[in-house]
Amino acid sequence: MIRDEIAGKAKATLLGNWKGSYSVPSNRLYPFQWNWDSGFVAIGFSLFRPDFAMAEMRSLFEAQWSNGMLPHIVFHDVTKKDYFPNYEFWGTDNIPEKPPSIRTSGITQPPVHGFVLEILMERLPESTEKTAFFHWLFPRIKALHANLYADRDPSGEGLVFIYHPWETGRDNSPLWTPALQRIQLTPQDIPPYRRIDNTIANPEERPTSFDYDRYVYLIDIGKKCGYDGKRIARESPFLIQDAMFNALLIRSNEALINLGKTYGLPVDDVVQWQQKSKTAFESKLWSDRIQTYCSYDMVAGELIEMPEIGGLCALFGGSPTCDRAAAIARYMEELASGRSQPYWLCPSFDPDHALFNPKKYWQGPVWPQMNWLLSKGLHRYGYDVLAARLATDLLELLEQYGFYEYFDPRKNLSDQLTKGYGGGDFSWTSAVALDLLDAYGSA
Ligand code: GLC
């Protein structure tokens, strides 16, 4: 496929997943609007449908709760019943903060919206709609960050926690395994449920039932706490300060500060959050032993020291020193050519680790939106060759296999494989392909 063909297919996929005022990640597997997916989708649309880019963000933030929480799923289409956990299971109807006429889940996802707005403001043509959109969205993103700092940072240290693996966006990463394994459950602890994901996608690529029982149990804790972050901080057995979530918060804080300065809006509060967050990120989340950033398990009181893709996103946040950035760049170079076999960049989990699985959801495969984050992060630190490699590896993968949700990272199996994994015709895959094509041309 040449550049124009990839771009054409990417645009057609985005338009095929567009529902009139928002997008679904993939028609069959994920039939609603997902929080951080929408941010990447808006970046993709900004290159050819500015009106859709703005509508995507508006429909997401219309579902924001009055306390600032931005839900991870917005269930726009109530006729779609073949999804679990569906709207009823989340039990958010009696939550006073939820907008009454909109159906949402009760947890959040990585805060990409600040840097997405910054990109849209740079890219969209000037218009009265654009100005109105900016003034509508900016305070809402600030309210989201304010909510994270108020509800998810109990000791005010500048790092926010997640209480469900799905909030990290890296749902089934082996990082969460030790903390999930610590949760002892009896059958009575688990509310009755029936999965659908493993009837649509290959069960070998999806989470196990051990994990799923714990996912459902943690939703139940959120529900019992009225989805109140302060109560959850006291009651949940699973509280993690995720490196990627916090790095994206830092990058989005930075975007809000830049935008505030450009458009004359107050950002003193954001500046304060940012100072604390950057300091805490650098002093708490770096592991000297494994030379990368790690997530911190607040219940066990220790870093989760496993090399994993989330920690590499620190570069995108911009807080690392040049030495730490160099260690991360070296790690990615080594994955590309310095291991027992070469990998497409970037495996989502370390291939030499016992828990690596090249086919399974977040346990090894390459994820398109992660390549976008890593490519931008490397570029920020001047690693332009490696940044281009992250872009062209992804473009080659989707040229070879199609616009899948994720891909096998083993390069020497390339000839034997015929497709990617998870859902097909995927929105963020298409969106980041368009954006990376714009920057790096054809693969
Ligand atoms: C999966 C991913 C999550 C994403 C969602 C929709 O659950 O792990 O990050 O937002 O699919 O694409």
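Being a predicted model, the structure only gives us computed values, none of them experimental. Just follow the structure's listing: the first ligand is 1, and inside any ligand the first atom is 1.
Checking each of Trp344, Tyr361, Trp372 against Trp367 for a ring-ring contact (aromatic ring centres under 6.0 Å, His included) leaves exactly one that passes, namely Tyr361. Checking Ile219, Ile73, Leu218 one by one against Trp166, the side-chain contact (heavy atoms from CB on, under 4.5 Å) holds for a single residue, Ile219.
Side chains of Asn172 and Tyr215: a donor-acceptor N/O pair is present below 3.5 angstrom, by distance only.
If you check each of Asp197, Asp171, Leu29 against atom 8 (O) of ligand 1, the one with the closest non-hydrogen atom is Asp171. When Phe40, Trp362, Trp34, Tyr30 are checked for heavy-atom proximity to atom 11 (O) of ligand 1, Tyr30 turns out nearest.
With salt bridges taken as basic N to acidic carboxylate O contacts below 4.0 Å, none links Arg389 and Glu333.
Using a 4.0 Å heavy-atom cutoff, Trp428 is listed among the residues neighbouring ligand 1. Residue contact check for ligand 1: Gln109 places a non-hydrogen atom closer than 4.0 Å to it.
For Lys98 and Trp65, the positive end is not near the middle of the six-membered ring at less than 6.0 Å and at most 45° from its axis. Relative to the six-membered ring of Phe210, Arg214 meets both conditions, a distance below 6.0 Å and an angle of at most 45° to the axis.
Counting the atoms of ligand 1 from 1 in the order shown, those under 4.0 Å from a heavy atom of Trp36 are 3 (C), 4 (C), 9 (O), 10 (O).
Nearest protein heavy-atom neighbour of atom 10 (O) of ligand 1: Asp37 OD1, 2.6 Å.
For Tyr361, every heavy-atom contact with ligand 1 shorter than 4.0 Å involves the side chain, none the backbone.
Between Gly169 and ligand 1, at least one pair of N/O atoms sits closer than 3.5 Å.
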